[in-house]
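In what follows, a structure is listed as structure tokens, so that the remarks can point back to it.
Predicted model only: the values in this text are computed from it and were never measured. The figures that follow rest on heavy atoms only: side chains count, while hydrogens, waters and symmetry mates do not. Proteins get letters first, then strands, A, B, ... in listed order; numbering begins at 1 in each.
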Amino acid sequence: MIFPGPVKDKLIKYCFLGAASTSILIVLLIFGFLGKEAVPFLREPGLGKLLDSRWVPVSFVQERFGLLPLVTGSLVVTMLATLIAIPFGVCGAIYIAEIAGSWEREIFKPFIELLAGIPSVVIGFFGLIVLGPIVKEVFGLSSGLTALTGALLLALMSIPTIITISEDAIKSVPRSYKEASLAMGATRMQTIIKVIVPAALSGIIAAVMLGMGRVIGETMAVLMCTGNAPMVTLSPVEPVYTMTAVIASEMGEVAFGSEHYRALFWVGLVLLFATFIINYIAQKVLHTYQQR
Amino acid sequence: MKKRLVVMLSTILLIGSGLAVDNAAARKKALQVKGSDTIVHMATEWAEIFMQENKDADIAVTGGGSGTGIAALLNGTADIATASRRIKDKEMGLAKKKGLDIKEHTVARDGIAVIINPKNPVSELSREQLKKIYVGAYTNWKKVGGPDKKIVLTGRNTASGTYAFFNQKVCEKEDYSQKMMNLVSNSAIVQVITQDKWAIGYVGLGYLAKNKNKIKGLKVEGVAPSQETVVDDSYVINRPLFFYTVGKPQGRTKQYLDLILSETGQQVVTQAGFVAIK
């Protein structure tokens, strides 16, 4: 080697530092890029346009770029998906971590990993062809493309995340807690519900938050299955247009540098901000529970 | 970090400038076809076939919109302007002033079929009724003589030229209802119509033919959508697609136009979901 020992050490150190800071660099670049493309919208036509109540980006009358329908759309789908995913994810994790025998675990684990690995476009396809008509029949709707259909699919996609991380949290509860509880005469179920789950709660909440993060950013499945109607509604059985779907659907052909183009970057910024908030809350919650 | 950044940026710049030089070189001798985004895919396909047959020929096809194309033709930066609308009087006047003799060539037609589920008893709508449905004034099939069922409104997303065309021709430039689903493809619309008995949508005429047993094309103003009714202009939701040239086409331009109007050229039209004129 041409480099003497200490220099080599340093070199390697910098290589690792570089690799580690790449993600910081990329996050900053993305923020910068989004901001750069979005900012001109402030001057022309002005931020007020984003507060409009309708999203009509192509119009012969008046182009309107209200983010409200998109924000409510994302909100409905995300909340609903999280509510559906929590019982399945958390109960599943408890079962796998505490109740299931090792052979059962060996069956569950690969399937959960498989579920996590299904491409979202395939899940979207499944939603369009199979789940949509079922939702339509069960709820007696006129169309199967609703917020609920999308939420069910997203729940399906976030369940593996929630199970895997919750399971880790449950497993990391010290053995002594469990043994103490059992020794006091508590049954196995009492121990799980009153001791283990509260002790693992911070991890479980973090798991749910991370699941939520996946849900809000998911695009393909919602684009295919939520109907994409830009109306302001909080009803789960109406079609909604989410922020991710708008970007995916409209970015492809939008005139570069137009108001519509800039407005789409604002949608991206809002989306990024929402994920940022979710992550921040998750960190906060984790921190509080860890201190207790 | 700094060095890495420099390397990264310079690579990007290098590639970027390379592409720019390449484009400029190509622009010099190639036949420039510019205009409508609706036509750009077909024009590219024709250009590819043409260049395969004529190895030394070079055609550059770009979009940007009908107006852009016509402006480029008048400026002399394009040899052919493609347009999904007829040239405006104002543009014609500008051409006259410049002493240019603009020739119009119809290369294909675009027809949009309004489709519903075959189980829906409605079979005909007037243009006015269709407009009322799409701007959200009518939300129930009973308003147009159907059963008492809510209308599920579907349409294309804004990326589609059809979105604007239908908006202009049927809604007469009024905004679509906000309840209209913005679906990402013709096949997504067909899919919804197949599943939802009370849905309505619109697709290129080509798609109606391909899915005849799954969907029903509505008569508009009493005329069923078909190749014939689009060509003779009796079916109203249609438009001709034009090529504009300065003077009578000659040389490469003429050869290219001949190819487009040939059987091979018109097959491209049908495959792209438009209506062949021959």
In terms of heavy-atom pairs under 4.5 Å, which option from [options] contacts chain B the most?
{"options": "A:Pro239, A:Ser143, A:Gly144", "value": "A:Ser143"}
{"options": "A:Ser249, A:Ala245, A:Ala248, A:Pro57", "value": "A:Ser249"}
{"options": "A:Glu238, A:Met224, A:Met231", "value": "A:Met231"}

Main chain of [Y], side chain of [X]: is a donor-acceptor contact present, judged purely on distance under 3.5 Å?
{"X": "B:Thr77", "Y": "B:Ala72", "result": "yes"}
{"X": "A:Trp55", "Y": "A:Arg64", "result": "no"}
{"X": "A:Thr275", "Y": "A:Leu272", "result": "yes"}

Quiz prompt | Residue among B:Gln168, B:Lys150, B:Lys149 with most heavy-atom pairs under 4.5 Å to chain A | solution =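 Sorted descending by pairs with chain A, the first entry is B:Gln168.
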Quiz item: Salt bridge check: are B:Glu91 and B:Arg86 linked by an N-O gap of less than 4.0 Å?
Solution: no
Identify which part of [X] has an atom lying under 4.5 Å from any heavy atom of chain B, answering side chain, backbone, both or neither.
{"X": "A:Pro230", "result": "both"}
{"X": "A:Leu141", "result": "neither"}
{"X": "A:Val61", "result": "both"}
{"X": "A:Tyr241", "result": "side chain"}

Distance-only polar pair, side chains of [X] and [Y], donor-acceptor under 3.5 Å:
{"X": "B:Asn117", "Y": "B:Asp196", "value": "no"}
{"X": "A:His260", "Y": "A:Glu250", "value": "yes"}
{"X": "B:Gln129", "Y": "B:Tyr138", "value": "no"}
{"X": "A:Glu218", "Y": "A:Ser120", "value": "yes"}

Could you look at [X] and say if it's the side chain, the backbone, both or neither that has a heavy atom under 4.5 Å from chain A?
{"X": "B:Ser177", "result": "backbone"}
{"X": "B:Gln195", "result": "both"}
{"X": "B:Tyr176", "result": "backbone"}

